[in-house]
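For reference, the structure discussed in these notes is given below.
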Amino acid sequence: MEDCLFCKIVKGEVVSYKIFENEKAIAFLDVNPIAKGHTIVIPKKHFENIYNIPEQDLKDVILAVKATAKILKEKLNSTGINLLQRNGRGAGQEVMHLHFHLIPRFENDSVALPPKSDYLKKDIKELYKLLTN
Ligand code: ZN
């Protein structure tokens with residue numbers, strides 16, 4: 001897409017710090033990192049979100065996520081990694097090109113995950129019925 005920041009990164013029109021690339025996907029350092037090695041993995045083709053990416057393209061990108069996670073673990077000696085993926089403005093997606101955040105974790109880092117909320121699970125039986133009907 002013409003005005004998509006991540007498509008411009010794929011085309012090389014915007015400079016990025018690529019740490020992994022194959023035929024289908026690329027991984028580059030997030031320019032606003034919340035942790036050492038915070039990386040974004042995207043499909044080279046433009047898909048907006050999890051709802052509209054075809055299955056094979058999703059498989060290709062998740063395999064690139066795995067390859068990138070291994071690079072980060074091996075090079076940074078992280079103790080774990082979080083994957084964060086947002087779909088839609090309601091979920092906080094800002095760049096409307098499907099992407100995964102890879103957030104390497106370290107002992108005593110200041111990253112605050114998982115998300116917290118006031119949601120109570122007292123309606124879980126009703127919800128379960130709704131979702132499985
Ligand atoms: Zn795009």
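All ligand and atom numbering here is 1-based and tracks the order in the structure.
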- Where Lys18 and Ile26 come nearest, the two heavy atoms and their spacing: CD-CG2, 4.3 Å
- Minimum heavy-atom distance Pro43-Val10, with the two atoms named: O-CG2, 4.5 Å
- Query: So, are Asp57 and Lys24 salt-bridged, with charged N and O less than 4.0 Å apart?
  - Reply: no
- Message: Between the side chains of Glu94 and Arg89, is the shortest nitrogen-to-carboxylate-oxygen separation below 4.0 Å, so that they form an ion pair?
- Response: no
- Parallel, tilted or perpendicular: which fits the ring planes of His101 and His38, with parallel below 30° and perpendicular above 60°? tilted
- Near the Zn ion (ligand 1) (under 2.8 Å) - protein N, O or S atoms: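 Listed by chain and number: Cys4 SG, Cys7 SG, His46 ND1, His97 ND1.
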- Query: When clusters are formed by joining ILVMFWY residues with side-chain heavy atoms under 4.5 Å apart, either directly or through shared neighbours, do Val41 and Leu83 land in the same one?
  - Reply: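 Per the 4.5 Å side-chain linkage, Val41 and Leu83 are co-clustered.
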